Amino acid sequence: MTYCLGIMTRRGLVMASDSRTNAGYDQVNVCRKMHTFVRPGDRMLVVLSSGSLSLTQSIITLLRREFEEGRGLASAPTLYDAARVVGDQVRRVSDMDRAALERDEFRFNVHLLLGGQVKHERPLLYLIYPQGNPLAATEDSPFLQLGECKYGRPILDRGVRYEHTTLEEAAKYALISLDSTMRSNVTVGPPIDLLVYRTDDLQVTHYRRFTDRDPDLREVHQRWEHALRKAVQELPEVHFPANGEQP
């Protein structure tokens, strides 16, 4: 299983992903799902991947090959065009592998998040579907998720606001969202990759990988659980009719 998310704010982006991948026929326990494509001063792009590991590895390999040749993500004039580049490679791998997979009853299962900034454009965030088409995050819906979404979504719905959430706060929301998911689904787990991108940096300046023994990640987990219990204790009491009448 997988959980990846991207948060877009007026000040920049936060991208985060777990690293556990042990479902289905992929015989790998841990694999990095965050991939960066950077030309300092020109563009900073991050791809998060979810789905069959063999498929996502093929897509990232093709994207990396083009990038190193100065094509694809290296030359896309806008982030929308970059999302289309990713979609083209999704379709290319689909053309190569889908028929063989489905013949043996395996789904062509791959989703990707693309976030970043191309020079002269504000940071943006896209979800790319298995068919290769992109969906953009908006100011009204400023975060996107992949994989096991349901446990980590409520805190994002309640807290993240495009105009008002700082990058520091967005990073905390991302870690809490991941922690909530790991707490409820053991197939999502560390190491956790976290990247914070400030508008117009056009390079990676704030990145960190959290292992399961990282003291800061453990403190986030403990303090978040304590804060939740304290908040429940401080809520108004639930009152019931004195005569015990039922509806």
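All values reported here derive from a predicted model rather than from experimental measurement.
Because its NZ or CZ atom is not both nearer than 6.0 Å to the ring centre of Phe67 and within 45° of the ring axis, Arg43 does not count as a cation-pi partner of that residue.
Taken from OG1 in Thr36 to CD in Gln203, the straight-line distance is 12.0 Å, to the nearest 0.5 Å. Here the CD-NE2 distance, from Glu169 to His164, works out to 11.0 Å after rounding to the nearest 0.5 Å. Atoms CG and CD1, on Leu112 and Ile60 in that order, are 6.0 Å from each other to the nearest 0.5 Å. To the nearest 0.5 Å, atom NE2 of residue His221 and atom CG of residue Asp216 are 14.5 Å apart. To the nearest 0.5 Å, atoms CG (Leu62) and CG (Asp88) are separated by 11.5 Å.
Contact record, Thr78 with Val118: C-CG2, 4.0 Å, taken as the closest heavy-atom pair. The nearest pair of heavy atoms linking Leu79 to Gln117 is CD1-N, 4.2 Å.
Ion pair Asp193/Arg32 flagged as a salt bridge, since at least one NZ, NE, NH1 or NH2 atom sits closer than 4.0 Å to an Asp/Glu carboxylate oxygen.
Phe108 and Val47 fall within the same hydrophobic cluster, defined by Ile, Leu, Val, Met, Phe, Trp and Tyr side-chain heavy atoms under 4.5 Å apart, directly or through other members.
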Residues Lys172, Glu168; criterion salt bridge (Lys or Arg N to Asp or Glu O under 4.0 Å); working and verdict: CA-CA 7 Å; Lys172 293 176 185 178; Glu168 292 77 11; over 6 Å; no
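No hydrogens or angles considered: nothing links the side chains of Ser141 and Tyr162 as a donor-acceptor pair under 3.5 Å.
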